[in-house]
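Structure first, commentary second.
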Amino acid sequence: MDTVTLEVDGKKVTARKGEMIIQATDAAGIYVPRFCYHKQLSVAANCRMCLVEVEKAPKPLPACATPVAEGMVVRTRSPLAREAQKGVMEFLLINHPLDCPICDQGGECKLQDLAVGYGKDVSRYHEAKRIVKDKDIGPLIATEMTRCIHCTRCVRFGKELGGVMEFGGLGRGEHMEIRTFLDRSVDSELSGNVIDLCPVGALTSKPFRYTARPWELMSRPSVSPHDCVGANLDVHVRRGEAMRVVPRENEAVNECWLSDRDRFSYEALNTDARLTRPMIRRNGRWEETDWQTAMEFTAAGLRKAVSAHGAGQVGALAAPTATVEEFYLLGKLMRALGSSNVDHRLRQMDFSDDEAMPPFPYLGQEIANLERLGGVLLVGSNLRKEQPLLNLRLRKAVRKGAHVAVINPVDYEFNYPIAHSLVTDLMAMERALAGVARALAARKGVAVPGELSALI
Ligand code: SF4
Ligand code: FES
């Protein structure tokens with residue numbers, strides 16, 4: 001039997017064997033307070049905020065590190081559990097500064113929220129609080145390490161998912177500090193995710209810092225335009241101005257992560273150099289106009305071109321970073337005009353392999369499936385920089401035992417072991433790929449296609 005049944009707060013809950021209590025309670029909609037636990041990271045069990053009462057256990061147990069068992073009786077809100085949770089909160093607040101009014105995390109801080117439910121009005125601690133010298137770790141992440149509660153989420157993210165251990169813990173007990181090695185800057189391609197992971201105001205967004213409060217922002221769902229991954233994100237807007245971008249959870253695409261380029265490039269939206277109003281070129285000069293005039297001008301121009309040259313002579317070139325919905329609408333518009341000339345390949349000049357190559361490249365499988373692959377061959381790809389979220393999936397696959405091989409023109413840096421690497425010039429890559437095709441054909445017992453055998 002793969003499932004067990006336990007009782008949580010008087011309610012029957014079914015969980016998979018090996019799951020932790022907190023996973024079972026989350027699935028059942030029963031909230032257990034937590035700081036260090038995160039469903040995508042390994043269990044550290046160092047904050048103790050998730051202590052719950054388990055019948056027959058001599059003392060409260062951490063829900064994030066206690067596996068479920070058949071017949072287990074768990075109480076998350078009993079007097080014993082509440083007392084333990086409140087005790088942990090009191091310990092956390094001994095050193096955490098009560099500077100919420102000037103903290104950028106104020107209003108979206110897990111510690112602030114939980115302190116309302118589990119904290120005391122007045123601290124019993126009168127001694128001086130610990131102070132940690134602040135660090136400058138680069139242009140994207142602001143630090144206020146006196147606020148750190150040592151949950152190690154940022155450390156585990158780098159080690160387990162980001163693939164670059166940029167943060168680490170130094171010292172012990174009262175003297176422990178989370179910091180970068182030799183005070184280096186943090187500059188990996190997924191570094192901004194620690195801002196979301198940090199449950200307090202120790203790590204916050206530097207570009208966003210002190211510009212707005214969370215309750216002033218409206219959230220607008222959107223999709224990242226930077227690569228074909230299409231990471232789901234929320235643009236936080238104040239009075240029509242994009243103030244920041246945060247990930248929108250979608251397990252099938254980006255899980256709960258964003259690449260730094262998706263997260264921070266919103267700053268370009270607000271630059272003066274950006275074209276925000278339509279323009280019409282008259283007599284060789286660009287003139288600003290309103291949308292209605294621009295639409296009518298475009299419609300008249302299209303009508304004129306169609307009647308003068310025929311619909312087949314009219315075509316539309318779309319930016320390759322547009323969304324699928326925008327492509328769909330453009331295609332619909334062009335078909336209504338009688339033309340099917342729509343393309344997004346703005347930098348391609350040779351179309352001789354159109355028959356063999358689909359015009360819309362497709363991964364061939366779901367993004368989430370990448371982390372379940374056993375073997376991967378990357379060709380001409382600096383995946384870590386080009387598509388950091390796909391690289392994250394491959395890194396997960398490698399951690400489960402997958403082999404990744406590369407054929408590249410440059411010896412790019414990867415953040416997981418590469419099983420086989422061939423770095424060669426572009427011309428020789430063709431021959432190398434033909435060699436791979438030959439090996440695959442031999443393994444499958446099929447003949448090598450004619451065009452390829454000439455290369456081998
Ligand atoms: S900096 Fe934030 S995420 Fe990192 S250990 Fe401290 S509290 Fe946790
Ligand atoms: S959430 Fe369980 S110990 Fe931190």
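Scope of the values below: all heavy atoms of this structure, side chains included, with no hydrogens, waters or symmetry mates.
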Cationic N near anionic O, under 4.0 Å, [X] to [Y]:
| X | Y | result |
| --- | --- | --- |
| E55 | R75 | yes |
| R345 | D343 | yes |
| K396 | E255 | yes |
| E19 | R16 | yes |
| E90 | R48 | no |
| D136 | K206 | yes |
| E413 | R384 | yes |
| K135 | E177 | yes |
| E366 | R393 | no |
| R261 | D227 | yes |

What do you reckon, is [atom1] of [X] surrounded by more than 12 foreign heavy atoms closer than 6.0 Å?
| X | atom1 | answer |
| --- | --- | --- |
| E83 | CD | no |
| K133 | NZ | no |
| E430 | CD | no |
| Y328 | OH | no |

With rounding to the nearest 0.5 Å, note down the distance linking [atom1] in [X] to [atom2] in [Y].
| X | Y | atom1 | atom2 | result |
| --- | --- | --- | --- | --- |
| L258 | N232 | CG | CG | 9.0 Å |
| L440 | L377 | CG | CG | 8.5 Å |
| L217 | M243 | CG | CE | 7.0 Å |
| R156 | S42 | CZ | OG | 5.0 Å |
| K129 | L98 | NZ | CG | 4.5 Å |
| C256 | H38 | SG | NE2 | 4.0 Å |

Give me the atom names and distance for the closest heavy-atom approach of [X] to [Y].
| X | Y | result |
| --- | --- | --- |
| F35 | P199 | CD2-CB, 4.0 Å |
| C109 | V200 | SG-CA, 3.9 Å |
| A231 | D262 | CB-OD2, 3.7 Å |
| G201 | R147 | O-NH1, 2.9 Å |
| L203 | C154 | CD1-CB, 3.8 Å |
| G380 | M429 | N-CE, 3.8 Å |

Residues that F414 engages under ring pair (Phe, Tyr, Trp, His ring centres under 6.0 Å), provided they are two or more places apart = Y416
Heavy atoms, side chains only, cut-off 4.5 Å: are [X] and [Y] in contact?
| X | Y | value |
| --- | --- | --- |
| N193 | I195 | no |
| L346 | P320 | yes |
| L370 | L363 | yes |
| C50 | Y37 | no |
| L61 | L51 | no |
| W257 | F157 | yes |
| F264 | S205 | yes |
| L190 | L392 | yes |

Looking at [X] and [Y], would you say the former's side chain and the latter's main chain have a donor-acceptor pair under 3.5 Å?
| X | Y | value |
| --- | --- | --- |
| R248 | S222 | yes |
| S191 | D187 | no |
| D425 | P409 | no |
| R274 | L269 | yes |
| R130 | N95 | no |
| Q23 | M20 | yes |
| H150 | M176 | yes |
| H403 | A419 | no |
| T180 | R184 | yes |
| R153 | L197 | yes |

Check each of V8, T25, I21 against V32 using the side chain to side chain contact (heavy atoms under 4.5 Å, CB included) test, and report the only one that passes.
->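 The passing option is T25.
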Applying side chain to side chain contact (heavy atoms under 4.5 Å, CB included), run through F167 and K159 and close with a yes or a no.
-> CA-CA 9 Å; F167 292 97; K159 188 174 173 197; over 6 Å; no
From CA spacing to verdict: side chain to side chain contact (heavy atoms under 4.5 Å, CB included), V74, E53 = CA-CA 6 Å; V74 179; E53 181 182 354; over 6 Å; no
May I ask you to check whether [X] and [Y] show a side-chain donor-acceptor distance below 3.5 Å?
| X | Y | answer |
| --- | --- | --- |
| N408 | S381 | no |
| T204 | D104 | no |
| S188 | E166 | yes |

Derivation of the side chain to side chain contact (heavy atoms under 4.5 Å, CB included) call for L161 and R395 = CA-CA 7 Å; L161 297 170; R395 190 178 142 72; 5.7 Å; no
After noting the C-alpha distance and the side-chain angles of S265 and H226, does the key distance pass the side-chain hydrogen bond (donor to acceptor under 3.5 Å, both in side chains) rule?
-> CA-CA 9 Å; S265 57; H226 296 110; 3.1 Å; yes
Which is it for Q365 and N369 under the side-chain hydrogen bond (donor to acceptor under 3.5 Å, both in side chains) test, yes or no, and what are the steps along the way?
-> CA-CA 7 Å; Q365 59 195 303; N369 194 48; 2.7 Å; yes
Start with the C-alpha gap between E189 and S259, add the side-chain angles, then the distance that decides, and say whether side-chain hydrogen bond (donor to acceptor under 3.5 Å, both in side chains) holds.
-> CA-CA 6 Å; E189 56 286 346; S259 64; over 6 Å; no
Side chain to side chain contact (heavy atoms under 4.5 Å, CB included) between L6 and V73, worked out = CA-CA 6 Å; L6 58 157; V73 178; over 6 Å; no
